[in-house]
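Reading through the structure tokens given below for one structure.
We count ligands from 1, going down the list as the structure has it; atoms in each ligand are counted the same way. Position 1 is the first residue of the sequence; numbering continues from there.
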Amino acid sequence: MHNSDAPVLTIDGPSGSGKGTISRAVATALGWHLLDSGAIYRSVGYAASMAGIDLSDAEAVTRCAETTKIVFRDPRDGGETRVIVNGHDATDDIRTETCGATASAIAAIPEVRTALFEKQRSFRKAPGLVADGRDMGTVVFTDATRKIFLTASADERAHRRYKQLKGKGLSVTLSSLLREIQARDERDATRKVAPLKPATGALIIDTTAVAVDVVVARVLAYARPA
Ligand code: DC
């Protein structure tokens, strides 16, 4: 099979909608590759911050997006995939909400999105790809045959992020997280280029009060109809 013919399942949605967890579980169950496109935007935001780049300088940030080396490395011990940015293990650093906000800011620059387009497309390989992000179904893999949009209430999403970040030992408060997440979603959904929205024909799943394994089963039933 040619790589461009490999099937793609896109999973888009706002922060904390369950995309990361669901995408990983579905990719594992299908034996498909996984693209965490948010980690790419986070890595560029991280590299730009480390280099002291002014985030309002679109040209400098675009150059940073073009030159930053991002490698996803399989963990040796079965833990989390490591994200190596310009040779430095940034796995934990890119997960903070500050880095999420930086990623969201630089992701609104059209030239940055163009610079990262082919890198994201290169993840499409046989036997298939699960692509997690904001514009996977609407821009990057418009020809995917299966598209999903995950949502959840803002409160629920803030709670999930709170548990996730606390679990990593980060110091966060629920109320500030809720504010930050709402601000980030607002920016991601209202930007001019590739705004967060369901792709035409996408299956929309509200995960607010639904257990992870139930959502995974639903996505799998949709991805591989009997
Ligand atoms: O999925 P995440 O929280 O790791 O993404 C971080 C930010 O990156 C998100 O707020 C907006 C940006 N992003 C994007 O613009 N397009 C994507 N496909 C993925 C992420």
Determine, using heavy atoms of Arg187 and all atoms of ligand 1, whether some pair is separated by less than 4.0 Å. no
Pair Arg124 + Asp143, salt bridge at N-O below 4.0 Å: yes
Using the side chain to side chain contact (heavy atoms under 4.5 Å, CB included) definition, which of the options Leu9, Val26, Ile205 pairs with Tyr222? Leu9
Atom 20 (C) of ligand 1 has as its nearest protein heavy atom Gly38 CA, 3.5 Å
Geometric N/O contact Asp132 with ligand 1, under 3.5 angstrom: no
For ligand 1, the portion of Arg191 having any non-hydrogen atom under 4.0 Å away: side chain
Only one of Leu34, Ile40, Asp36 clears side chain to side chain contact (heavy atoms under 4.5 Å, CB included) with Phe123; which? Ile40
Give the residue, atom name and distance (to 0.1 Å) of the protein heavy atom nearest atom 8 (O) of ligand 1. Tyr41 CB, 3.5 Å
Among all protein heavy atoms, pick the one closest to atom 4 (O) of ligand 1 and tell me residue, atom and distance. Arg42 NE, 2.6 Å
How close does the nearest protein non-hydrogen atom get to atom 16 (N) of ligand 1, and which residue and atom is it? Arg113 NH2, 3.0 Å
Please test Ile11 against Met136 for side chain to side chain contact (heavy atoms under 4.5 Å, CB included), starting from the C-alpha separation and ending with a verdict. CA-CA 7 Å; Ile11 304 187; Met136 298 293 99; over 6 Å; no
Check the pair Thr91 / Asp89 against side chain to side chain donor-acceptor pair (under 3.5 Å), numbers first and verdict last. CA-CA 6 Å; Thr91 314; Asp89 188 332; 2.5 Å; yes
Counting neighbours of NE2 on His159 that are heavy atoms of other residues, nucleotides or ligands and sit closer than 6.0 Å, is the number greater than 12? no
Give the atoms of ligand 1, by number and element, whose distance to some non-hydrogen atom of Ala107 is under 4.0 Å. 12 (C), 15 (O)
For ligand 1, which part of Asp188 has a heavy atom less than 4.0 Å away: the side chain, the backbone, both, or neither? side chain
Under 4.0 Å between heavy atoms, the region of Arg184 that gets near ligand 1 turns out to be side chain
For atom 17 (C) of ligand 1, the protein heavy atom that lies nearest, with its residue and separation: Arg134 N, 3.4 Å
For Thr102 and Tyr46, what are the C-alpha separation, side-chain angles and deciding distance, and is it a side chain to side chain contact (heavy atoms under 4.5 Å, CB included)? CA-CA 8 Å; Thr102 307; Tyr46 170 80; over 6 Å; no
Of the protein's non-hydrogen atoms, which lies at the shortest distance from atom 19 (C) of ligand 1, and what is that distance? Ser37 OG, 3.4 Å
Note: ligand 1 atoms sitting under 4.0 Å from heavy atoms of Met136 are 18 (N)
Evaluate the criterion side chain to side chain contact (heavy atoms under 4.5 Å, CB included) for residue pair Arg157 and Asp185; output intermediate values, then yes/no. CA-CA 11 Å; Arg157 295 190 288 109; Asp185 290 342; 2.5 Å; yes
In a check of side chain to side chain contact (heavy atoms under 4.5 Å, CB included) between Ser104 and each of Arg184, Arg42, Arg191, which one passes? Arg184
Using a 4.0 Å cut-off to any heavy atom of Lys19, which atoms of ligand 1 qualify? 1 (O)
